[in-house]
Amino acid sequence: MRLKQGSFLWYLYLDKIYCLLSVRNVKALAEYFHILDVHGKNTLNDVLFYHFLHHVTDLKKAQINIVFDMLDWNAMGEIGFEQFYMLVCMLLAHQNHLEGQFMYRHSRPVFDLLDLKGDLRIGAKNFGMYRFLFNIHKQELKDLFHDFDVTGDNLLNYQEFKLYTIIYIDKLQRRQKTEEKEKGDRKRRQNEKSLLKKKMSHQV
C-alpha cells in the first residue's frame with residue numbers, strides 16, 4: 001500500500017514519536033473531510049469513502065471495503081471524522097514506515113478496531129485481513145500468534161497485543177541503534193582511509 005504522490009495526504013506531517021497530526025494539520029484535515037462530505041451529514045458513506053481512498057492510495061476495491069467495515073464498527077453504513085482521522089494517521093504511519101510505532105502508541109484504539117466481534121479478542125484471521133495496513137507479512141503474523149498467544153486459543157487479548165507492540169518497538173529501536181552504529185563505523189573507516197591516503201600522497 002502506498003499514498004499517491006500529489007494527493008492531499010501527501011502534504012500532511014505525522015509526528016514520528018506520537019504518530020499524530022499537528023493542530024494545524026488536523027484543522028486542514030477537518031476542512032478536507034467537510035469537502036468530501038457532500039451530503040452535509042458530518043459522515044462519509046461507503047461510496048464517498050471508496051472514492052476518497054481510491055484517489056489517495058493504490059488500495060484495491062476489496063481492501064477499501066474491508067477497511068470501511070473495520071472503521072464502521074457500529075454498522076451504521078458511514079464513518080465520522082474520528083474514524084477518518086484515525087485512518088489518515090494510519091496511512092501516514094505506513095507511508096513513513098512507522099507502523100510499529102503507531103501500533104505501540106495507539107495500541108488500544110488499534111486493538112478495538114481489529115476486535116471486529118467486540119469480544120475483546122483478536123483472531124488470526126481477522127488480523128490477517130488488515131495486516132496490509134501495518135505492513136505485517138504472513139510469517140510475521142504467524143510468529144506473532146505463536147509467541148504472544150499465551151492462552152493458546154489462537155486469539156490475542158489486549159494484554160497480549162500490548163505486549164507484542166512493546167517488544168516490537170523495543171526490537172525496532174535496537175535495530176535502529178545497531179544500524180546507526182554500523183553507519184558511524186563505516187564513516188569512521190572511510191575518514192581513516194582518506195587521512196591515510198593524504199599522508200601517503202604527502203610522503204611521495
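Sequence positions, counted from 1, serve as the residue numbers for this chain.
- For the pair Ile79/Asp72, a side-chain contact is recorded, criterion being any heavy-atom separation below 4.5 Å from C-beta on.
- Gln139 has its side chain within reach of Lys142: a pair of non-hydrogen atoms, C-beta onward, lies under 4.5 Å apart.
- Counting non-hydrogen atoms of neighbouring residues, nucleotides and ligands closer than 6.0 angstrom, the CZ atom of Arg24 reaches no more than 12 such neighbours.
- Here the straight-line distance linking atom NZ of Lys61 with atom CG of Leu53 works out to 13.5 Å at 0.5 Å rounding.
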Which atom pairs, one a donor and one an acceptor, fall under 3.5 Å between side chains of residues 80-96 and the rest of the protein, sequence neighbours left out?
residue: Gln83; atom: OE1; partner: Gly80; partner atom: N; Å: 3.0
residue: Tyr85; atom: OH; partner: Leu21; partner atom: N; Å: 3.2
residue: His94; atom: ND1; partner: Met1; partner atom: O; Å: 3.4
residue: His94; atom: NE2; partner: Phe132; partner atom: O; Å: 3.2
residue: Gln95; atom: OE1; partner: Leu3; partner atom: N; Å: 3.0
residue: Asn96; atom: ND2; partner: Leu92; partner atom: O; Å: 2.7

*Assess whether side chain to side chain contact (heavy atoms under 4.5 Å, CB included) is satisfied between Leu144 and Leu156, documenting all intermediate values.*
CA-CA 9 Å; Leu144 189 166; Leu156 294 180; 3.1 Å; yes
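- For Asp37 and Lys41, the salt-bridge test fails: no basic side-chain N is under 4.0 Å from an acidic carboxylate O.
- For the pair Lys162 and Tyr104, the distance from NZ or CZ to the six-membered ring centre is under 6.0 Å and the angle to the ring normal is within 45 degrees.
- Phe134 and Trp73 fall into different hydrophobic clusters, where Ile, Leu, Val, Met, Phe, Trp and Tyr are joined by side-chain heavy atoms under 4.5 Å apart, directly or via other members.
- Grouping the Ile, Leu, Val, Met, Phe, Trp and Tyr side chains by contacts below 4.5 angstrom, directly or via other members, places Ile64 apart from Val47.
- When the side chains of ILVMFWY residues are joined at heavy-atom separations under 4.5 Å, either directly or via intervening members, Phe33 and Trp10 end up in a single hydrophobic cluster.
- A distance-only check finds a donor-acceptor pair linking the side chain of Asp149 to the backbone of Asp153 [under 3.5 Å].
- Of all the heavy atoms in Ile122 and Phe145, the pair that sits closest is O-CE2, 3.6 Å.
- Sparse packing is recorded around OH of Tyr18, with 12 or fewer heavy atoms of other residues, nucleotides or ligands lying under 6.0 Å away.
- In this structure, Leu9 and Lys4 have side chains that are not in contact, with every pair of non-hydrogen atoms separated by 4.5 Å or more.
- No donor-acceptor distance shorter than 3.5 angstrom exists from the side chain of Asp15 to the backbone of Leu20, with no hydrogens or angles considered.
- Follow the hydrophobic side-chain contacts under 4.5 Å out from Ile167 and you reach Phe127 in the same cluster.
- Judged purely by distance below 3.5 Å, without hydrogens or angles, the side chains of Asn45 and Thr43 never pair a donor atom with an acceptor atom.
- The CZ atom of Phe68 sits 14.0 Å away from the OH atom of Tyr50 when rounded to the nearest 0.5 Å.
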*Determine, step by step, whether Tyr130 and Leu133 satisfy the side chain to side chain contact (heavy atoms under 4.5 Å, CB included) criterion, reporting the C-alpha distance in whole Å, the side-chain angles of both residues, the deciding distance to 0.1 Å, and the verdict.*
CA-CA 6 Å; Tyr130 300 103; Leu133 289 173; 4.2 Å; yes
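- The NZ atom of Lys125 sits 11.0 Å away from the CG atom of Leu116 when rounded to the nearest 0.5 Å.
- Put simply, CD on Gln101 and CG on Leu14 are 9.5 Å apart, with the number rounded to the nearest 0.5 Å.
- Of the possible donor and acceptor atoms, one in the side chain of Arg105 sits under 3.5 Å from a partner among the backbone N and O of Ile17.
- Annotation: the span from Met103 atom CE to Asn135 atom CG amounts to 9.5 Å, rounded to 0.5 Å.
- Between Tyr158 and Phe111, the ring planes are perpendicular. Angles over 60° get that label, and only those under 30° would be called parallel.
- For the pair Leu113 and Met70, the tightest heavy-atom approach, listed with the atom from each and the gap, is O-CG, 3.5 Å.
- In this structure, Val38 is a member of the same hydrophobic cluster as Phe49, with clusters built from ILVMFWY side-chain heavy atoms closer than 4.5 Å.
- Between Leu98 and Lys16, some side-chain heavy-atom pair lies under the 4.5 Å cut-off.
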*Report the C-alpha separation of Leu120 and Asn157 in whole Å, then their side-chain angles, then the decisive distance to 0.1 Å, and conclude whether the side chain to side chain contact (heavy atoms under 4.5 Å, CB included) test is met.*
CA-CA 6 Å; Leu120 305 180; Asn157 59 35; over 6 Å; no
*Check the pair Phe8 / Phe52 against side chain to side chain contact (heavy atoms under 4.5 Å, CB included), numbers first and verdict last.*
CA-CA 10 Å; Phe8 173 75; Phe52 158 69; over 6 Å; no
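- Annotation for Ser107 and Thr165: closest pair CB-OG1, 4.3 Å, computed over non-hydrogen atoms.
- Note that CD1 of Ile166 is 11.0 Å distant from CZ of Phe161, once rounded to the nearest 0.5 Å.
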